[in-house]
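One structure is given here, and the rest of the page talks about it.
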Amino acid sequence: MAANASGMPDVTRPTTVVFDLGGVLIEWDPRHLYRQLFADPDQMESFLAEVTTAEWNAHQDAGRPWAEAVELLVAEHPERRELIEAFHRRWPEMLAGEIPGTVDLLADLRIAGVRLLALSNWSAEMFPVARERFDFLAWFEGIVISGEVGVNKPDRRIFEHLVEQFAIEPAAALFIDDSSANVEAAAALGFRTIQFTNARALRLELVRLGLLPHVRVGSP
């Protein structure tokens, strides 16, 4: 990065900010549902780690129909049918709400006139649930959902799809995600990136990049 006359690095303000959704703006966790279905937390964790695994769920995020996914898993674990079916049937109960503070940041960026896009690993069948629940999703110029594209982050093809669909210049765009693998994939394509940890740290980075004017007193 080039330095200015003061010796400090020059920071060019991005023109587009691309947000991940789950884990950055929206809290999704199957435990919100399965705590209601298991009396023993250890048994719950074993079920989520060994039956309804992250790998199994990722196939739905990549476009596999939920009905097919459930039947495939029930065939392997017939004694767990009811618990497996709950992952699909009661999926909305896994959405806990907004991540504290980040929707406020999104609102501030919107007020500042920053171009806003989203790129998220999400089942195409389930994303309408989020659209109905979270009004702020309408603030984005566009949202790319992995289940609609048929490929998940961190595969570079979904980033290339985003770039092509919205005519993005990666060097002029900022990508925000809680996953290090996704952040690394975006950086490899030329995006500036921030790995999300909390709203306070994100606000400081957005101020540093010139996207927000200052840190407000009492801001997250």
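Under a 3.5 Å cut-off, the side chain of T16 and the backbone N or O of R115 do not form any donor-acceptor pair. With hydrogens and angles ignored, the 3.5 Å screen pairs no side-chain donor or acceptor of N152 with any backbone N or O of S146. Side-chain N or O atoms of Q36 include one that pairs as donor or acceptor with a backbone N or O of H32 at under 3.5 Å. Judged purely by atom type and a 3.5 angstrom limit, T53 has no side-chain atom pairing as donor or acceptor with the backbone of E50.
Under the 4.0 Å criterion applied to side-chain N and carboxylate O atoms, E98 and R133 are not assigned as salt-bridge partners. With respect to the salt-bridge test (charged N to carboxylate O, under 4.0 angstrom), the residues E85 and R89 do not qualify. For the pair D104 and R203, the salt-bridge criterion is not met [side-chain N within less than 4.0 Å of a carboxylate O]. Taking 4.0 Å as the cut-off between side-chain N and carboxylate O, E160 and R157 do not count as a salt-bridged pair.
The only option from I176, V144, I145 that meets the side-chain contact (heavy atoms from CB on, under 4.5 Å) definition with L119 turns out to be V144.
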L95 and E27: CA distance, side-chain angles, deciding distance, side-chain contact (heavy atoms from CB on, under 4.5 Å) verdict = CA-CA 6 Å; L95 290 178; E27 184 184 351; over 6 Å; no

H88/Q60 under side-chain hydrogen bond (donor to acceptor under 3.5 Å, both in side chains): CA gap, chis, key distance, verdict = CA-CA 10 Å; H88 177 210; Q60 286 75 270; over 6 Å; no

Decide yes or no on side-chain contact (heavy atoms from CB on, under 4.5 Å) for F38 and L83, but give the supporting numbers first.
-> CA-CA 10 Å; F38 282 90; L83 289 168; 3.6 Å; yes

Go through the steps for F175 and F159 under the test ring pair (Phe, Tyr, Trp, His ring centres under 6.0 Å), then give the verdict.
-> CA-CA 10 Å; F175 176 71; F159 291 95; 5.4 Å; yes

Going through the checks in order, is the side-chain contact (heavy atoms from CB on, under 4.5 Å) test met by W91 and W28?
-> CA-CA 10 Å; W91 188 93; W28 176 88; 3.4 Å; yes

Show the numbers, then the answer: is there a side-chain contact (heavy atoms from CB on, under 4.5 Å) between R80 and V74?
-> CA-CA 7 Å; R80 300 295 191 97; V74 167; over 6 Å; no

For residues 180-189, dump all side-chain donor-acceptor pairs below 3.5 Å to protein atoms at least two apart in sequence or in another chain.
{"residue": "N182", "atom": "ND2", "partner": "D177", "partner atom": "OD1", "Å": "3.4"}
{"residue": "N182", "atom": "ND2", "partner": "D177", "partner atom": "OD2", "Å": "3.3"}

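Note: the hydrophobic cluster containing F47 does not contain L72 (ILVMFWY, side chain heavy atoms under 4.5 Å, direct or indirect links). I168 and V114 fall into different hydrophobic clusters, where Ile, Leu, Val, Met, Phe, Trp and Tyr side chains are chained together by heavy-atom contacts under 4.5 Å. Cluster annotation: L202 is connected to I26 through the hydrophobic network of ILVMFWY side chains, with a link wherever side-chain heavy atoms come within less than 4.5 Å.
Within the 4.5 Å cutoff, side-chain heavy atoms of V17 are placed close to those of L211. Counting heavy atoms from C-beta on, the side chains of F136 and R110 never come closer than 4.5 Å. The side-chain heavy atoms of R31 and L48, taken from C-beta on, include a pair separated by under 4.5 Å. In this structure the side chain of F127 never reaches within 4.5 angstrom of the side chain of E132, judged on heavy atoms. Within the 4.5 Å cutoff, no side-chain heavy atoms of F191 are placed close to those of L174. Side chains of F140 and L106 form a contact here, defined as non-hydrogen atoms less than 4.5 Å apart. Considering only heavy atoms from C-beta on, I143 stays 4.5 Å or farther from L117 through its side chain. Taking the side chain as every heavy atom from C-beta outward, V18 and F166 never approach each other to under 4.5 Å.
Atom CG of L37 and atom CZ of R35 lie 11.5 Å apart (nearest 0.5 Å). To the nearest 0.5 Å, atoms CG (L105) and CZ (R200) are separated by 10.5 Å. With rounding to the nearest 0.5 angstrom, the CD atom of E125 is 8.5 Å from the CH2 atom of W66. To the nearest 0.5 Å, atoms NZ (K153) and CG (D61) are separated by 9.5 Å. Considering OG of S179 and CG of N121, their distance stands at 8.5 Å, rounded to 0.5 Å. To the nearest 0.5 Å, atom CE of residue M94 and atom CE of residue M126 are 8.0 Å apart.
Counting all heavy atoms, side chain and backbone alike, V51 lies closest to W56 at O-CB, 4.5 Å. Minimum interatomic distance between A124 and P128 (heavy atoms only, all atoms of both residues): O-CD, 3.3 Å. Heavy-atom minimum distance, T12 versus R192: O-NH1, 2.5 Å. Closest approach of G210 to R13, counting heavy atoms only: O-NE, 3.0 Å. Closest approach of L25 to V103, counting heavy atoms only: CD2-N, 3.9 Å. Closest of all the heavy-atom pairs between V207 and P213 is CG1-O, 4.4 Å.
Residue E79 places its CD atom among more than 12 non-hydrogen atoms of other residues, nucleotides or ligands, all under 6.0 Å distant.
A tilted orientation is assigned to the rings of F87 and Y34, their planes being inclined by 30° to 60°.
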